[in-house]
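Just below is one structure, and these are the notes that go with it.
Proteins get letters first, then strands, A, B, ... in listed order; numbering begins at 1 in each. All values derive from a computational prediction rather than experimental measurement.
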There are 2 protein chains.
Amino acid sequence: MSKHHTGDPDLGVLAAQVLFSVQRELFTALAEQGFDDIQPRTGAVLAYLRTDGIRASELARASGQHKQVIGTLVDDLERLDYVERKPDPADRRAKLIYPTERGLLQMEAAASIMRTIEQRHANALGAQEYARFKEALRRVAGLQREARADSQAPEHGQGG
Amino acid sequence: MSKHHTGDPDLGVLAAQVLFSVQRELFTALAEQGFDDIQPRTGAVLAYLRTDGIRASELARASGQHKQVIGTLVDDLERLDYVERKPDPADRRAKLIYPTERGLLQMEAAASIMRTIEQRHANALGAQEYARFKEALRRVAGLQREARADSQAPEHGQGG
DNA sequence: GTCAAGAGGTCACTAAAATTGACTATCAAG
DNA sequence: CTTGATAGTCAATTTTAGTGACCTCTTGAC
């Protein structure tokens, strides 16, 4: 995002650096723990799974991906035994996507790795300062979401 | 990045939300200002251009993209008159990539849009709090860079 | 000097992923 | 019981990413 690189990376550049380096570290660590058959792009699904199920269309909205992309990701993850589809009793058009046992293990592993990463930053910045940073990041993310609420075309994969 | 989405998005998810929504807002605004022939992925080049030129290989390192990707992006941007290649006098293997006049206009437009976006967040959080947030984000980005310094394979396009 | 190792960049090819459009089934409102 | 919208899938196309080979040139060792 267009800084002249003369010293002051903008919000977008920083977000990109954080996203991609976190993503790499996460998936490297996951692979070492045996989850070596998933890629960062599957994060669009894995990052939003819930034990009580979630619809593909909601994954599409949350991750900013086309529903077709979610469909193929869920296909892949189903084949790899991370998720399963079950009909939604409340709406016969819909299917709910649930994590399998392996999916749950992955979610826990990923959460643990992310805690480690964030702990490292908390140690570097100070716990209080990091908490303050993360709260601000949450607010910025929320505000940005609103700002672009008008347009709705997907952009890219989500971090996972 | 695997939160159970029960209330606490992790650093990766938040970074992704910020990146993609900023990216969309930026490129929508750029398109409205006449820069409608570039896509977010070209940001891997545009975000790192310098008036004194930069090498393709350095763009690859900075953006985390394969050098072949940078090559095609520069091809495209050269065709669209945003950049031009000139031989590097210091190394006859290398070429330096410079912004053209149009490229400079794009860079200024993008910088202005990003200032507007960041100003909006600064208004929402308070100028001081936002400055503190951004400083923390810079540090987190820097720390993450170090953490993944061992592995070096590209991951995704950079924000732009 | 000149030779080996490696960096900078491009080309050609293959694989993966995003994007589009159409289509079925279902729901929800009137 | 019609109309319009939503959930999901299929199929086909276009874009983009990833690999390997290749040539030029630089660097450092001899």
Is any side-chain N or O of [X] closer than 4.0 Å to OP1 or OP2 of [N]?
{"X": "K95(A)", "N": "dT9(D)", "value": "yes"}
{"X": "H66(B)", "N": "dG18(D)", "value": "yes"}
{"X": "R41(B)", "N": "dT15(D)", "value": "no"}
{"X": "S57(B)", "N": "dG9(C)", "value": "yes"}
{"X": "R92(A)", "N": "dG8(D)", "value": "no"}
{"X": "R55(A)", "N": "dT26(C)", "value": "no"}

With a 4.0 Å cut-off on N to O distance, would you call [X] and [Y] a salt bridge?
{"X": "D37(B)", "Y": "R102(B)", "answer": "yes"}
{"X": "K67(A)", "Y": "E58(A)", "answer": "no"}
{"X": "R138(B)", "Y": "D8(A)", "answer": "yes"}

Legend entry - I113(A)-F35(A) co-clustered via ILVMFWY side chain contacts under 4.5 Å: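 Same hydrophobic cluster.
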
Inset, instruction - Tell me which of L73(B) and L96(A) sits closer to the 5' end of DNA chain D, going by the nucleotide each one is nearest to. - result: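 Result of the comparison: L96(A).
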
Inset, instruction - Give V69(B) one of three labels, base, sugar-phosphate or nothing, depending on what nucleic acid heavy atoms sit under 4.0 Å from its own. - result: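 Sugar-phosphate: the residue V69(B), judged by heavy atoms under 4.0 Å, touches backbone atoms but no base.
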
Rounding to an integer number of Å, can you tell me how far [X] [atom1] sits from [N] [atom2]?
{"X": "D88(B)", "N": "dT27(D)", "atom1": "CG", "atom2": "P", "result": "11 Å"}
{"X": "L59(B)", "N": "dG8(C)", "atom1": "CG", "atom2": "P", "result": "12 Å"}
{"X": "D91(A)", "N": "dG8(D)", "atom1": "CG", "atom2": "P", "result": "8 Å"}
{"X": "I97(A)", "N": "dT9(D)", "atom1": "CD1", "atom2": "C1'", "result": "13 Å"}
{"X": "K67(A)", "N": "dA25(C)", "atom1": "NZ", "atom2": "C1'", "result": "12 Å"}
{"X": "I38(B)", "N": "dT16(D)", "atom1": "CD1", "atom2": "P", "result": "13 Å"}
{"X": "I70(B)", "N": "dA7(C)", "atom1": "CD1", "atom2": "P", "result": "18 Å"}
{"X": "Q23(B)", "N": "dA18(C)", "atom1": "CD", "atom2": "P", "result": "13 Å"}

Legend entry - Base dT26(D) paired with R93(B) side chain (donor-acceptor, <3.5 Å): no

Inset, instruction - With DNA chain C as reference, determine whether P89(A) or Q68(A) sits nearer its 5' end, using the nearest nucleotide of each. - result: Q68(A)

Inset, instruction - Select from D75(B) and T72(A) the residue whose nearest nucleotide in DNA chain C is closer to the 5' end of that strand. - result: D75(B)

Legend entry - Non-hydrogen atoms of L125(A) and A136(B) that approach each other most closely: CD1-CB, 4.0 Å

Legend entry - N/O donor-acceptor pair under 3.5 Å between E129(B) side chain and A122(B) backbone: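 Not confirmed, E129(B) side chain does not pair with A122(B) backbone.
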
Inset, instruction - State which of dG8(C), dC27(C), dA7(D) makes the closest approach to the side chain of R61(A). - result: dA7(D)

Legend entry - Nucleotide of dG8(D), dA17(D), dA18(C) approaching Q65(A) most closely (side-chain heavy atoms):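 Comparing dG8(D), dA17(D), dA18(C) against the side chain of Q65(A), the answer is dA18(C).
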
